[in-house]
Amino acid sequence: SSCFGLIPSTSGRRASRSGAFPGAVGWAAHTPGGRGGKILRVTTLAADGPGSFAEALAAPGPRIVVIKRGEHGALLFDEEGVFMAPAFPLEEVQDPTGAGDTFAGGFMGSLAREGFVGSETLRRAMIFGSTLASFCVEQFSVDRMRTLEMGEIYARYSLFRSLTRF
């Protein structure tokens, strides 16, 4: 399991029209990124101290916390409460290496595409991240990700969404 927390500077607001960074192009070129916000990484299981969950919770400001739980899915804590996204059910897992990073990339990519951080978009991002992670574990290394097409992602996302009924 691992955890990452976000303290957004734009919670509940649309993305600014300024570039994500100088020279940014493409559909995410105008996302706010972390400007003015802060990412808190929980790096230890210690009860308190630097890198602990307690330290992240004690930091001032609005909070979004995501805990990745491997084969058990992920948890989201935000101002609306708690949301649990299970791992997508698969008959066989070939290689779980990289699934957590793939989840985080899908989660953040989904938020960047939305250009808005809110309770609904966070929940959609959780399912999108879990959907991408489910493809990652189907083959070894990055092999499955190399052949993956958007149609497959959206089809599995739709199935996953119907299974979780959110």
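Throughout, residue positions are numbered sequentially from 1 according to the sequence presented. As a basis for the values below, the full set of heavy atoms in this structure was taken, side chains included, without hydrogen atoms, waters or symmetry mates.
Looking at every heavy atom in both residues, Lys68 comes nearest to Ala74 through CA-CB, 4.3 Å. The two residues Arg161 and Ile127 make their nearest non-hydrogen contact at N-CG2, 4.4 Å. Here the shortest heavy-atom pairing between Val137 and Pro96 reads CG1-CA, 3.8 Å. The two atoms that bring Cys136 and Ala99 nearest to each other are SG-N, 3.8 Å, heavy atoms only. In terms of heavy atoms, Ala85 sits closest to Ser130 at CB-OG, 4.1 Å. Taking all atoms of both residues into account, the shortest heavy-atom contact from Met126 to Phe107 is N-CD1, 3.7 Å.
Distance check, rounded to the nearest 0.5 Å: CD1 of Ile64 to CG of Leu122 gives 4.5 Å. The distance from the NE2 atom of His72 to the CE atom of Met84 is 9.0 Å, given to the nearest 0.5 Å.
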| task | Please test Asp48 against Glu55 for side-chain contact (heavy atoms from CB on, under 4.5 Å), starting from the C-alpha separation and ending with a verdict. | result | CA-CA 6 Å; Asp48 56 17; Glu55 180 189 55; over 6 Å; no
| field | From CA spacing to verdict: side-chain contact (heavy atoms from CB on, under 4.5 Å), Glu120, Glu114 | value | CA-CA 10 Å; Glu120 279 187 43; Glu114 298 266 3; over 6 Å; no
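For the pair Gln139/Arg146, no side-chain contact is recorded, criterion being any heavy-atom separation below 4.5 Å from C-beta on. With a 4.5 Å cut-off on side-chain heavy atoms, Ser162 and Leu159 count as touching. Between Thr131 and Tyr154, the closest side-chain pair of non-hydrogen atoms is not below 4.5 Å. The closest side-chain heavy-atom distance from Ile67 to Phe77 is below 4.5 Å. Put simply, the side chain of Ser134 reaches to within 4.5 Å of the side chain of Arg156, judged on heavy atoms.
For the salt bridge (charged side-chain N to carboxylate O under 4.0 Å, His left out) condition, no pair includes a residue of residues 88-105, sequence neighbours left out.
Linking ILVMFWY side-chain heavy atoms closer than 4.5 Å, directly or via other members, places Leu163 and Leu76 in a single hydrophobic cluster. Under the 4.5 Å side-chain heavy-atom criterion for grouping Ile, Leu, Val, Met, Phe, Trp and Tyr, Leu90 is not connected to Phe140 through any hydrophobic cluster.
Partners of Leu148 under the side-chain contact (heavy atoms from CB on, under 4.5 Å) rule, at least two apart in sequence or in another chain, are Leu132, Phe135, Arg144, Met145, Glu152, Ile153.
In Gln94, the CD atom is crowded: over 12 heavy atoms of neighbouring residues, nucleotides or ligands sit closer than 6.0 Å.
Looking at Ser110 and Arg124, their side chains never bring a donor and an acceptor atom within 3.5 Å of each other.
Between Phe88 and Phe160, the two ring planes are perpendicular [angle over 60°; tilted spans 30° to 60°].
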